Amino acid sequence: MRNRKATPYVLVLPAWIWLALFFVVPIGGMLSLSLTTGNVVSGFQQTFEVGNYVTAVSTYWEQILRSLFYGACATLVCIVVGYPMAYWIAFKAGPHKSTYLLLILLPFFVSFVLRTISWRFLLADNGVVLGPLKSIGLVPADLQLLNSAPAVILGLAYNFLPFMVLPIYAVLERMDSRLVEAAHDLYAGRFQAFVRVVLPVSLPGVFAGVLMTFIPTSADYVNASVLGGAHNTMIGNIIQSQYLVNNNYPIAASITFVLMGLLLVGIFSYARALGTERVMEVHT
Amino acid sequence: MSVHLDTAAPSAPPPPPARVGGSGRSPRPRRRIDWGRYYTWLVLAWLFTPILFMVAFSFNDPAGKHNITWQGFTLKWYANAFAHPTLNEAMFNSVSIALLTMVIAGAIGSLLGLALGRFSFRGKQLTNLVMFSAISAPEVVLGAALLSTFLMMNVTTGYWTTVVAHVMFCVSFVAITVRARVITLDPALEEAARDLGAGSFTTFRLVTLPMLFPAIMAGGLLAFALSIDDYIITTFVSGEVTTFPLWVWGSTRVGIPPQVNVMGTLLFGVGLIMAVVNIVMAHRRR
């Protein structure tokens with residue numbers, strides 16, 4: 001057993017190199033790109049000018065706020081819809097727990113983009129949902145669901161619901177059911193037992209779920225482009241088009257950095273409060 | 001997101017029914033309607049709604065380009081499922097990138113997971129922090145950051161930059177899956193192997209690796225699933241190369257070709273079969 005001490009370093013080295021080269025360095029690269037001036041034709045100069053950030057925020061504050069708002073709404077929908085489901089599966093589904101979990105994950109075998117596009121057709125003005133309702137006169141003929149803010153929030157909540165259900169389920173499933181019995185023995189009713197015992201125990205799972213839904217939903221642009229039309233664009237749409245359509249890299253990099261900065265505050269205050277390992281455990 | 005969950009539940013003993021509700025003090029036990037069950041099925045119905053639409057419309061015979069009203073039943077899109085040259089190419093790219101990602105991220109991530117679960121070493125906290133950031137950073141940031149670097153280094157984006165990006169975001173997921181398994185392993189088994197005269201490599205090959213294998217497979221399959229479904233990061237780093245999600249996106253700008261629904265239905269079928277196998281296996285184990 002030579003070099004026992006070297007073993008862990010040999011094991012982690014490939015991953016360290018990969019993550020350093022293709023994650024840590026690129027984040028630094030983006031920071032440096034956000035501090036350049038110039039354009040694709042004349043080339044970019046590293047000027048360390050923060051003007052890009054001022055331009056980015058003053059031009060796109062509306063999309064930034066809208067993204068955070070849509071993300072928050074979708075996260076709230078996920079909690080409201082997902083919590084009772086996680087609760088029921090953890091406590092009442094008995095031997096069928098794993099079957100229900102698989103059912104929740106099964107839609108994920110169909111591509112994210114394809115599922116989102118299917119909603120576009122479902123919500124279309126004369127689509128499968130509105131068409132029949134309109135023809136029998138249940139809803140006004142000019143009602144539109146597609147290309148509206150609720151459609152985007154619906155799509156976001158739809159796509160990220162499992163990321164809320166799974167962490168809450170993971171915490172509730174591990175909870176000692178004797179705690180609830182003890183609460184009942186102390187004359188707590190069902191509601192009291194839930195509010196005073198189950199809910200506090202499940203809060204770390206809710207936090208993990210919030211982290212895992214709020215971040216991807218507020219940075220998503222697929223739902224906004226597919227379901228939101230021209231008036232509900234999010235910050236992701238701006239990043240995508242500035243990088244890939246307008247080639248305005250300095251501005252694109254600075255908006256991305258602003259977005260990441262806003263989300264990082266949440267990520268790291270969470271990591272400080274509960275620890276990174278905890279989040280990742282809940283996540284698996 | 002599918003694979004590692006089956007480890008969470010199957011061995012748990014079925015809890016005594018309905019303990020959380022009444023505590024048996026009431027003299028006349030009423031039969032309570034299990035609203036939670038109906039509610040759960042309602043949410044599941046919501047989750048499956050667009051998929052049912054997709055499956056139904058893979059049998060539709062659309063009149064024009066807009067495949068959103070039911071015109072008639074046909075099987076011709078199944079007969080022609082692979083008759084669309086650019087779609088085939090995209091599907092081939094997706095599958096081959098996902099396989100490469102599964103192998104590379106599976107290997108690198110498993111080693112990382114083993115180290116994190118078994119050893120303490122300098123930089124462990126930093127490694128955790130980097131993994132955590134890579135998992136929680138939004139995809140659009142990861143894609144934009146990589147593209148920024150490729151632009152500054154004058155790297156032409158394409159097939160291989162996509163592979164590199166997919167491996168990057170999958171490594172951490174594989175590592176946490178494997179680490180979870182490593183933590184539960186009994187070190188006595190490896191000590192026993194050593195007592196029986198096995199060297200450290202032999203012990204690893206004959207004892208540790210077989211015990212880790214399910215987790216490594218789960219991590220690899222997770223990487224495969226994440227890679228084949230990724231749209232956001234891929235748009236940034238794929239250059240001229242098209243994958244299945246990118247092709248779907250591009251083609252639906254002009255109206256949804258029926259073959260897309262067929263491919264989606266086939267993918268869903270594969271998932272369904274895997275899920276059923278998983279459920280049956282879990283029942284056998286019990």
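Chain identifiers are assigned alphabetically (A, B, ...) following the order of the sequence lines, protein sequences preceding nucleic acid strands; residue numbering begins at 1 within each chain. What you are looking at is a predicted structure, and each value in this text was computed from that prediction instead of being measured.
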Problem - Short side-chain to backbone donor-acceptor contact, A/Y9 and B/R122, under 3.5 Å - result: yes
Problem - Identified side-chain contact (heavy atoms from CB on, under 4.5 Å) partner of B/M54 from the options A/L122, A/I117, A/V110 - result: A/V110
Practice task
For residues B/L126 and A/W16, determine if any side-chain heavy atom of one lies less than 4.5 Å from a side-chain heavy atom of the other.
Solution key: no
Problem - Contacting moiety of B/S110, where chain A heavy atoms sit under 4.5 Å - result: neither
Practice task
Please work out which of the three classes, parallel, tilted or perpendicular, describes the rings of A/F121 and B/F53, given edges at 30° and 60°.
Solution key: parallel
Exercise for the section: Using non-hydrogen atoms and a 4.5 Å limit, figure out which bit of B/D230 sits close to chain A: side chain, backbone, both or neither. Expected result: neither
Completion exercise
Whatever's closer than 4.5 Å to a heavy atom in chain A on B/W247 counts as neither
Problem - Part of A/L161 lying under 4.5 Å from any heavy atom of chain B - result: side chain
Exercise for the section: Test B/Y231 against A/T116 for side chain to side chain contact (heavy atoms under 4.5 Å, CB included), laying out the working first. Expected result: CA-CA 12 Å; B/Y231 173 77; A/T116 311; over 6 Å; no
Exercise for the section: Below 4.5 Å from any heavy atom of chain A, which atoms of B/I104 appear? Answer side chain, backbone, both or neither. Expected result: side chain
Problem - Interface moiety of A/I27 toward chain B, non-hydrogen atoms closer than 4.5 Å - result: both
Problem - Side-chain donor/acceptor of A/Y100 to backbone N/O of B/W41, under 3.5 Å - result: no
Exercise for the section: Let me know if B/M152 has heavy atoms under 4.5 Å from chain A in its side chain, its backbone, both or neither. Expected result: side chain
Handout entry: Greatest number of heavy atom pairs closer than 4.5 Å to chain B - which of A/P14, A/A219, A/S111
Key = A/S111
Handout entry: Which of A/F257, A/W18, A/F112, A/Y249 touches chain B most, by non-hydrogen pairs under 4.5 Å
Key = A/W18
Practice task
Measure the shortest side-chain to side-chain distance between B/F119 and A/V12 over non-hydrogen atoms and say whether it is less than 4.5 angstrom.
Solution key: no
Fill in the blank from the handout: Per-residue tally against chain B (heavy atom, under 4.5 Å) across A/T99, A/L244, A/V81 peaks at A/V81
Completion exercise
When the 4.5 angstrom heavy-atom criterion is applied to B/I51 and chain A, the contacting part is side chain
Problem - Heavy-atom proximity to chain A below 4.5 Å, by part of B/Y39 - result: side chain
Problem - Heavy-atom contact with chain A under 4.5 Å, split by part of B/L116 - result: neither
Exercise for the section: Answer with side chain, backbone, both or neither: which region of B/V171 has an atom nearer than 4.5 Å to a non-hydrogen atom of chain A? Expected result: side chain
Problem - Contacting region of B/S133 [heavy-atom separation from chain A under 4.5 Å] - result: both
Problem - CA sep, side-chain torsions, deciding dist, call: A/F22, B/L142, side chain to side chain contact (heavy atoms under 4.5 Å, CB included) - result: CA-CA 9 Å; A/F22 304 118; B/L142 295 179; over 6 Å; no
Handout entry: Results of side-chain contact (heavy atoms from CB on, under 4.5 Å) for B/V155 - residues two or more places apart only
Key = B/F150, B/M153, B/T161
Handout entry: Proximity breakdown for B/F169 and chain A, heavy-atom pairs closer than 4.5 Å
Key = neither
Fill in the blank from the handout: Looking only at A/V25, A/L114, A/I89, the option with the highest number of non-hydrogen pairs under 4.5 Å against chain B is A/L114
Practice task
Sort A/L19 into side chain, backbone, both or neither according to what part of it lies under 4.5 angstrom from a heavy atom of chain B.
Solution key: side chain
Problem - Sequence-distant partners of B/S148, side-chain hydrogen bond (donor to acceptor under 3.5 Å, both in side chains), two or more places apart - result: A/Y243
